[in-house]
Amino acid sequence: MKTIQILSAALLVTFVTACGQTAEPETAPAAAPASTADAGPKVGDKIGESDAEKAAKKAEKDASIVAKAVEEARIEAELEARGIRSIGWEDLMPEGEEERLAKMYQSQMATLYSGSPIAEGSAMDTAVQIGTFNTVGSLDGVKIRIPGYTVPFEYGSKAEITQFLLVPYFGACIHAPPPPPNQTIFVKTDDPIKLKDLAQAVWIEGTIRAQTQNSDLADAAYTIEMTNLTKYEY
């Protein structure tokens, strides 16, 4: 009887111990780290242009320069055959004119910054044309071709122009002071034209004269009897 009680107690202890144990929770497998977005170039990635691409671009640029030079040479040969001479604005200034002009500008600046107040609406409050009417005599009566910007005396989309000024830079006589008289050309033509885009440079062909013309916009030391006007290709 005692043996049976001992066995019963042992079984009870075993049962209670088994019931008090808890099952270990299953551990979930570790999640794979999320892939990060590409934040920038990596080793081996292409950066910039390759040597072949650079060489191709250089060859294309060189070819464009050569083609432009060939076209300019063709135009010059055609002009020469027609007795027309291409000139620049510096060709309109006689020897020593640049030095004289520089002194005039220095004198004007000294007057403007002398400390004396300038009355609004006075002669000093206007854009004064600085320069001289000195011209290059050898150009008188020569057929020339020169690039520049047009300044008409009248405006309007339908305005037909027979007279206008030609100047070396855009905005002269309108948004900026006039150039010197010998850097301003009075152009006249028998065939009326329409000047639509004043910001577009043009080529003017015609006979140049060392002939003075005065206007409200600016005075000109040269006059051109225009025979042709074409767009200036940059």
Side-chain angles (χ1 to χ4, degrees), residues 59-98 100-101 129 131-154 159-174 176 178-215 217-234:
E60 182 180 356
K61 182 178 180 180
D62 291 344
S64 176
I65 293 174
V66 171
K68 185 176 181 179
V70 170
E71 177 63 13
E72 289 177 352
R74 183 193 67 78
I75 292 174
E76 287 298 326
E78 178 186 341
L79 292 172
E80 185 177 356
R82 292 164 50 202
I84 298 176
R85 172 183 167 189
S86 289
I87 67 171
W89 289 91
E90 66 280 2
D91 297 321
L92 300 178
M93 302 182 75
E95 186 177 354
E97 189 69 8
E98 292 184 7
R100 286 188 288 270
L101 185 60
Q129 186 178 21
T132 74
F133 288 86
N134 298 331
T135 58
V136 178
S138 60
L139 287 176
D140 191 45
V142 176
K143 294 181 179 179
I144 60 100
R145 179 179 186 249
I146 186 171
Y149 293 91
T150 58
V151 183
F153 296 107
E154 56 182 296
E160 294 187 340
I161 309 298
T162 57
Q163 297 179 345
F164 60 91
L165 296 179
L166 189 73
V167 292
Y169 53 87
F170 175 67
C173 307
I174 301 175
N182 53 16
Q183 291 287 278
T184 305
I185 301 175
F186 183 90
V187 182
K188 57 184 180 180
T189 175
D190 293 332
D191 299 322
I193 59 173
K194 293 182 179 181
L195 299 176
K196 297 180 180 180
D197 186 5
L198 302 185
Q200 171 63 55
V202 296
W203 285 103
I204 296 292
E205 291 181 19
T207 302
I208 190 169
R209 304 284 183 185
Q211 184 178 25
T212 299
Q213 293 284 351
N214 304 106
S215 71
L217 292 177
D219 296 331
Y222 291 97
T223 299
I224 285 183
E225 300 164 3
M226 190 183 77
T227 57
N228 190 30
L229 181 150
T230 56
K231 180 180 177 181
Y232 183 95
E233 297 293 345
Y234 298 96

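Heads up: numbering here begins at 1 and tracks the sequence. No hydrogens, no waters, no symmetry mates; every other heavy atom, side chains included, goes into these values.
Put simply, the side chain of Glu98 reaches to within 4.5 Å of the side chain of Met93, judged on heavy atoms. At a threshold of 4.5 Å between non-hydrogen side-chain atoms, the residues Gln163 and Phe153 count as touching. Considering only heavy atoms from C-beta on, Asp219 comes within 4.5 Å of Phe133 through its side chain. A heavy-atom distance below 4.5 Å is not found between the side chains of Pro147 and Pro168. Leu101 has its side chain out of reach of Gln183: every pair of non-hydrogen atoms, C-beta onward, lies at least 4.5 Å apart. Put simply, the side chain of Val142 does not reach to within 4.5 Å of the side chain of Thr207, judged on heavy atoms. Counting heavy atoms from C-beta outward, Pro181 and Gln129 have side chains that approach closer than 4.5 Å. In this structure, the side chains of Thr212 and Thr223 stay at 4.5 Å or more apart for every pair of heavy atoms.
Taking both residues in full, the closest heavy atoms of Ile161 and Pro152 are given as CD1-CB, 4.3 Å, listed atom of the first, atom of the second, then distance. Counting all heavy atoms, side chain and backbone alike, Thr184 lies closest to Ala220 at O-CB, 3.3 Å. The shortest heavy-atom contact between Pro192 and Asp190 is CD-O, 3.4 Å. A pairwise comparison of heavy atoms in Glu205 and Leu79 identifies OE2-CD2, 3.8 Å as the closest pair. The minimum heavy-atom distance linking Ile146 with Leu92 is given by the pair CD1-CD1, 4.2 Å. Residue Ala172 comes nearest to Val151 through the heavy atom pair O-CG2, 3.6 Å, listed as atom of the first residue, atom of the second, then distance.
In this structure, Asn182 contributes its side chain and Asn134 its backbone to a donor-acceptor pair below 3.5 Å. Side-chain N or O atoms of Glu225 include none that pairs as donor or acceptor with a backbone N or O of Thr189 at under 3.5 Å. Although no hydrogens or angles enter the test, the distance criterion places no donor-acceptor pair under 3.5 Å between the side chain of Asp140 and the main chain of Gly137. Side-chain atoms of Trp203 do not come within 3.5 Å of backbone N or O of Glu233 as any donor-acceptor pair.
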Pair Met226, Ile193 - check side-chain contact (heavy atoms from CB on, under 4.5 Å), show working. CA-CA 11 Å; Met226 190 183 77; Ile193 59 173; 4.1 Å; yes
Run Ile174 and Tyr149 through side-chain contact (heavy atoms from CB on, under 4.5 Å) and show every step you take. CA-CA 12 Å; Ile174 301 175; Tyr149 293 91; over 6 Å; no
Apply the test side-chain contact (heavy atoms from CB on, under 4.5 Å) to residues Leu165 and Ser215: give CA-CA distance (whole Å), side-chain angles for both, the deciding distance (0.1 Å), then the verdict. CA-CA 10 Å; Leu165 296 179; Ser215 71; 4.2 Å; yes
Given the rule in the side-chain contact (heavy atoms from CB on, under 4.5 Å) test, do Tyr222 and Arg209 qualify, once you have shown the distances and angles that lead to the verdict? CA-CA 6 Å; Tyr222 291 97; Arg209 304 284 183 185; over 6 Å; no
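In this structure, Thr135 OG1 and Glu97 CD are separated by 9.5 Å, a value rounded to the nearest 0.5 Å. Taking CD1 of Ile65 as the reference point, atom NZ of Lys68 lies at 9.0 Å (rounded to 0.5 Å). Considering NZ of Lys143 and CG of Asn228, their distance stands at 12.5 Å, rounded to 0.5 Å. Atoms CG and CG, on Asp191 and Leu229 in that order, are 12.0 Å from each other to the nearest 0.5 Å. Taking CZ from Arg85 and CD1 from Ile208, the interatomic distance works out to 9.5 Å, rounded to the nearest 0.5 Å. Thr150 contributes atom OG1, which lies 6.5 Å from atom CZ of Phe164 (distance to the nearest 0.5 angstrom).
Within a 6.0 Å sphere centred on CD of Glu76, heavy atoms belonging to other residues, nucleotides or ligands number more than 12.
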